[in-house]
Each structure stands twice: as structure tokens, then as C-alpha cells.
Amino acid sequence: MKTQEGSVVGGKLDVFVEDAVLVESKFHDLAKHPERIANAAGMQGRRYAIALNSQLVFVIAAYKSAAGRFPDKWQTVEVIEICASDPNRAEIRFTLPYVAVLPSSEKAK
């Protein structure tokens, strides 16, 4: 697929796919509530989606995982309405840990 780095037309880490879909990337340090990081990313991506005539904005919200807080798969993806006044667009959000604690370093609670 044809991809274009966002620094050409937007954010440095964003990626445009086939001139039709935006992948909005956000990276964070340790997060007590990962589901709350980069809440406005979908709205930010919506600006580009309108210009691309795209109905979808993909958001990758990555965070450093704390020991014992690795999510189950079902907790890593959700579909969100971006804006009530624009019901034709949706955000597909992936909230993913990176730099996870090694399994051998995990401690029992």
C-alpha cells in the first residue's frame, strides 16, 4: 500500500495510507489509566480525515506498561464516535503497551 509519512503533511509520527486513511500515533510514558491517554487524538485526526474524505481515523496510543498491568487483547481496541456533529466518522483506537516488563521480572501481587 502507498504510505506517506505525516511530517510531509501533518504530525511527524502520523502515516497516511493510500491518500485515504490517517493513522494518528501518540506515545506516552507510564500511564495509570492507559484508556485515557491522547483523548483528543481522534478529533485531531478528524481534521485530516475531512480533507481526505475519509470516514475512519486510526489512533495508535502507545504507553510504557507498568509491572503487573499488561492488558488483555480485548482491552486494546475500541471504536469511538469522534464528534456528535459528525456521525459519518469514527475513530478506531488501539491502546498498546510498549517496553513491557519481562515476564520473568513480574512479581505476584
Side-chain angles (χ1 to χ4, degrees):
M1 293 209 269
K2 177 185 168 201
T3 59
Q4 186 174 18
E5 192 177 319
S7 62
V8 176
V9 287
K12 284 183 184 180
L13 300 175
D14 301 337
V15 177
F16 291 90
V17 181
E18 293 291 330
D19 294 326
V21 175
L22 173 70
V23 178
E24 183 80 29
S25 302
K26 301 294 182 186
F27 292 87
H28 292 269
D29 207 358
L30 289 173
K32 189 172 184 179
H33 299 283
E35 68 280 359
R36 295 183 193 165
I37 61 175
N39 282 339
M43 184 61 88
Q44 184 181 355
R46 177 180 170 268
R47 295 180 316 196
Y48 299 113
I50 289 171
L52 294 169
N53 199 26
S54 174
Q55 268 67 39
L56 298 174
V57 173
F58 289 91
V59 174
I60 312 280
Y63 64 97
K64 290 184 180 178
S65 180
R69 298 193 43 102
F70 206 76
D72 291 326
K73 286 182 184 179
W74 65 268
Q75 295 172 307
T76 63
V77 65
E78 62 183 320
V79 178
I80 304 168
E81 177 184 65
I82 296 175
C83 176
S85 65
D86 189 1
N88 292 321
R89 288 179 224 295
E91 170 185 342
I92 299 176
R93 172 179 286 260
F94 297 91
T95 305
L96 303 169
Y98 70 98
V99 190
V101 176
L102 292 172
S104 60
S105 298
E106 290 281 9
K107 307 274 189 255
K109 289 184 180 183

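Source: prediction; values computed, not measured.
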H28 side chain near K26 side chain, heavy-atom distance below 4.5 Å: yes

Main-chain N/O of C83 paired to D86 side chain as donor or acceptor, under 3.5 Å: no

CZ-OG1 distance between R93 and T76, expressed to the nearest 0.5 angstrom: 12.0 Å

Distance-minimising heavy-atom pair for Y63 and D29: CB-O, 3.7 Å

Considering all heavy atoms, the nearest V79-A90 contact: CG1-CB, 4.3 Å

Minimal non-hydrogen separation, A41 against V59, with atom names: CB-CG1, 3.8 Å

Aromatic ring pairing F58/F94, orientation class (parallel under 30°, perpendicular over 60°, tilted between): parallel

Common cluster, L56/I80, ILVMFWY with side-chain heavy-atom separation under 4.5 Å: no

Beyond-backbone contact of I92 with V57, side-chain heavy atoms, under 4.5 angstrom: no

Approximate separation, where rounding is to 0.5 Å, of N88 CG and Q55 CD: 6.0 Å

From R89 atom CZ to E81 atom CD, the distance as rounded to the nearest 0.5 Å: 12.5 Å

V77 reachable from V23 in the ILVMFWY side-chain graph, under 4.5 Å edges: yes

